[in-house]
Protein chains: 2
Amino acid sequence: MYSDGMSTRERLIEATRGLLWERGYVGTSPRAIQQLSGAGQGSMYHHFAGKPELALAAVRRTAQEMRDSAGAVLDGPGTPYERVEAYLRRERDVLRGCPIGRLTMDPEIVASDELRAPVDETLDWLRERLAGLVEEGREGGSFAPGLDGEEIAATIVATVQGGYVLARASGSTAAFDTGVRGLLSLLRASAHAAAPANSPAPGRPSAPGGRAASEETARSATAVPARTAD
Amino acid sequence: MYSDGMSTRERLIEATRGLLWERGYVGTSPRAIQQLSGAGQGSMYHHFAGKPELALAAVRRTAQEMRDSAGAVLDGPGTPYERVEAYLRRERDVLRGCPIGRLTMDPEIVASDELRAPVDETLDWLRERLAGLVEEGREGGSFAPGLDGEEIAATIVATVQGGYVLARASGSTAAFDTGVRGLLSLLRASAHAAAPANSPAPGRPSAPGGRAASEETARSATAVPARTAD
DNA sequence: GTCTATATGACGATAGAC
DNA sequence: GTCTATCGTCATATAGAC
């Protein structure tokens, strides 16, 4: 039950946001929305034409919040690598999953171009931002020169989204963190690669040898307080 | 409507498997199962105590099929890296998503230890198999010595699971493939890394230089015909 | 704008005839 | 084992009083 100080319309949207995050679109009933928002039966239909329209308002707001909070980290201080690391390590409600990404598993969201649009646009925006950071970091040696920005960006976003899957399957946040550490270790290792990342398939006769000087074991940016996940 | 030659019990399980894949647990009704399976109303309750028990049978079978088909690729020919690549590139129903992974977004699956167990065990099995391959590949120079098997395995599985999210959000398989290519480029690059993958944070003064000899641009194993996704 | 009352069909399950 | 009939509840939405 949402507190007062908010209009009925606002409470309906906020209740719907929470239910969509927790139960998805098919698992969210108008009745549950009405009860959680504290609105009477008919009120929902006064402000919105029906469940799809209310869900659209809720999804759009969640998408905007996600862009705002992720943007704050990606625009933060540090080298491109450090900002990618800050994004990967930022505080998340891991076991609740991503309020945007989880909608892609909902048949009725995917079936509706209108409902899918904000989901698609948000994840696309995130990939473009990360791709830009990777491209920028290649110039400074923060990322390997052979890496493709869009490919790495897709890998980063996918690792996060898949990390939620692993965490929820196991009932523990550990798997999410493990996957993120693996990705970070690959990003670090590739920056020190002797060969471009795009062509040579690694076979037996590779024999990685020397040990480069570790210069500043920068412990990267501290986690941003945002509680919203993605 | 499933064809004959199958017992009613079989048709119920198969229908449930399809519906769980497409619509999840909360989006799958006994009525839809009965209609798709061609069974009468009461038949479902003759063979199973209710929706949860039938779903459990369906999920267990899907989990077993996924282990079988993934295992065939992971046990296939080639170096450890090539087998990981074959796994990442194997044929998938990308836009349908992973029939196991998608269940983690279902509140009633996650809330039930019994229903979540086969999901957890399957993804855990997959991670362990991949971790073993990475460890094995480190010996042969197929993977960088500094990489942690369990971490990379979690990254691989997460990239696949997150790739489904990106693909379904955009309505195209392209994003899945892009993420996989990014991960493969990182795995290849790290194998040529001059420094161990675990410690040094990449900063500006890194200057990756030389270009190693590409030896065999092995186009890796051909895709396995399995249509099941994961 | 907000509420109560109500409607139609779907959901999840049971009873019992064949 | 399979089917039809039925049950109580919930999902989604409308009507209309206040």
Side-chain angles (χ1 to χ4, degrees), chain A residues 1-59 103 105-112 114-115, chain B residues 1-59 103 105-112 114-115:
Chain A
M1 190 81 163
Y2 279 78
S3 57
D4 288 325
M6 270 156 120
S7 68
T8 297
R9 186 189 159 87
E10 278 302 300
R11 280 181 289 129
L12 283 166
I13 293 177
E14 290 303 313
T16 303
R17 294 214 301 147
L19 287 165
L20 286 180
W21 193 354
E22 197 175 335
R23 304 192 43 86
Y25 184 85
V26 298
T28 295
S29 68
R31 167 181 258 234
I33 293 170
Q34 288 150 11
Q35 289 181 344
L36 184 60
S37 68
Q41 317 290 58
S43 292
M44 168 179 154
Y45 294 96
H46 172 74
H47 294 284
F48 302 94
K51 178 176 156 180
E53 194 180 296
L54 172 51
L56 184 57
V59 171
L103 298 175
M105 294 302 132
D106 219 301
E108 318 229 344
I109 297 277
V110 171
S112 157
E114 251 197 320
L115 282 169
Chain B
M1 192 83 164
Y2 279 79
S3 59
D4 287 325
M6 269 157 122
S7 66
T8 298
R9 187 189 159 86
E10 279 303 300
R11 281 181 287 125
L12 284 166
I13 292 177
E14 290 303 311
T16 303
R17 294 214 301 147
L19 288 165
L20 286 180
W21 193 354
E22 196 175 335
R23 305 191 42 87
Y25 184 85
V26 298
T28 295
S29 68
R31 165 179 261 237
I33 293 170
Q34 287 150 11
Q35 290 181 344
L36 185 60
S37 69
Q41 318 289 58
S43 292
M44 169 178 154
Y45 294 97
H46 173 74
H47 294 283
F48 301 93
K51 178 176 158 180
E53 194 180 296
L54 173 51
L56 183 58
V59 170
L103 298 175
M105 293 303 132
D106 219 299
E108 318 229 342
I109 298 277
V110 171
S112 157
E114 251 197 321
L115 281 169

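The chains referred to below are lettered A, B, ... by the order of the sequence lines, with proteins before strands, and numbering in each begins at 1.
Residue B:Tyr45 has no polar side-chain atom (N or O) positioned under 4.0 Å from OP1 or OP2 of C:dT14. Not one side-chain nitrogen or oxygen of B:His46 sits closer than 4.0 Å to the OP1 or OP2 atom of C:dT14. Contact between the side-chain N/O atoms of B:Ser43 and the OP1/OP2 oxygens of D:dG1 is not found at any separation under 4.0 Å. OP1 or OP2 of C:dT2 has at least one side-chain nitrogen or oxygen of A:Thr8 nearer than 4.0 Å.
Among residues at least two apart or in separate chains, salt bridge (charged side-chain N to carboxylate O under 4.0 Å, His left out) pairs with a member in residues 17-46 of chain A are A:Glu14-A:Arg17, A:Arg17-A:Glu65, A:Arg23-B:Glu108. Pairs engaging residues 33-49 of chain B under the salt bridge (charged side-chain N to carboxylate O under 4.0 Å, His left out) rule: none recorded [sequence neighbours left out].
The side chain of A:Gln41 lies closest to C:dT4 when the candidates are D:dA5, C:dT4, D:dA11. Checked against C:dC3, D:dA11, C:dG12, the side chain of A:Ala39 finds its nearest nucleotide in C:dC3. The listed nucleotides are C:dA13, C:dT2, D:dA11; the one nearest the side chain of B:Lys51 is C:dA13. Here D:dT12 is the nucleotide among D:dT2, D:dT12, C:dG12 with the atom lying nearest to any side-chain atom of A:Pro30.
Contact annotation: the side chain of B:Phe48 never approaches that of B:Leu56 to less than 4.5 Å [non-hydrogen atoms, C-beta and beyond]. Within the 4.5 Å cutoff, the side chain of A:Tyr25 has no heavy atoms near those of the A:Pro107 side chain.
Rounded to an integer number of Å, the gap from CD of A:Gln34 to P of C:dT2 is 13 Å. The nearest whole Å value for the distance from the CZ atom in B:Arg23 to the P atom in C:dA10 is 13 Å. For B:His47 and C:dA13, the NE2 to P distance is 16 Å, given to the nearest whole Å. A straight line from CD of B:Glu10 to P of D:dG1 spans 13 Å, rounded to a whole angstrom. One can place CZ of A:Phe48 at 15 Å from C1' of C:dT2, the figure rounded to the nearest angstrom. Note: OH (A:Tyr25) to C1' (D:dA11) measures 12 Å, nearest angstrom. Protein atom CZ of A:Arg31 is 15 Å distant from nucleotide atom P of C:dT6, rounded to whole Å. Note: CD1 (B:Ile33) to C1' (D:dT2) measures 17 Å, nearest angstrom.
No contact: A:Ser7 has no heavy atom under 4.0 Å from any strand.
Residues A:Ala32 and A:Gly42 each lie close to DNA chain D; by heavy-atom proximity, the contact nearer the 5' end of the strand is made by A:Ala32.
Side-chain atoms of A:Thr16 do not come within 3.5 Å of backbone N or O of A:Ala58 as any donor-acceptor pair.
Contact detail for B:Ser37 and B:Leu12: the closest heavy-atom pair is OG-CD2, 3.4 Å. Nearest heavy-atom pair, A:Val59 versus A:Leu115, reported as atom, atom and distance to 0.1 Å: CG1-O, 4.5 Å.
Geometrically, A:Lys51 does not engage A:Tyr45 in a cation-pi contact defined by less than 6.0 Å to the ring centre and at most 45° from the axis.
For the helix from C:dG1-D:dC18 to C:dC18-D:dG1, the rotation axes defined at the first and last 5 base pairs enclose an angle of 10°, given to the nearest 10°.
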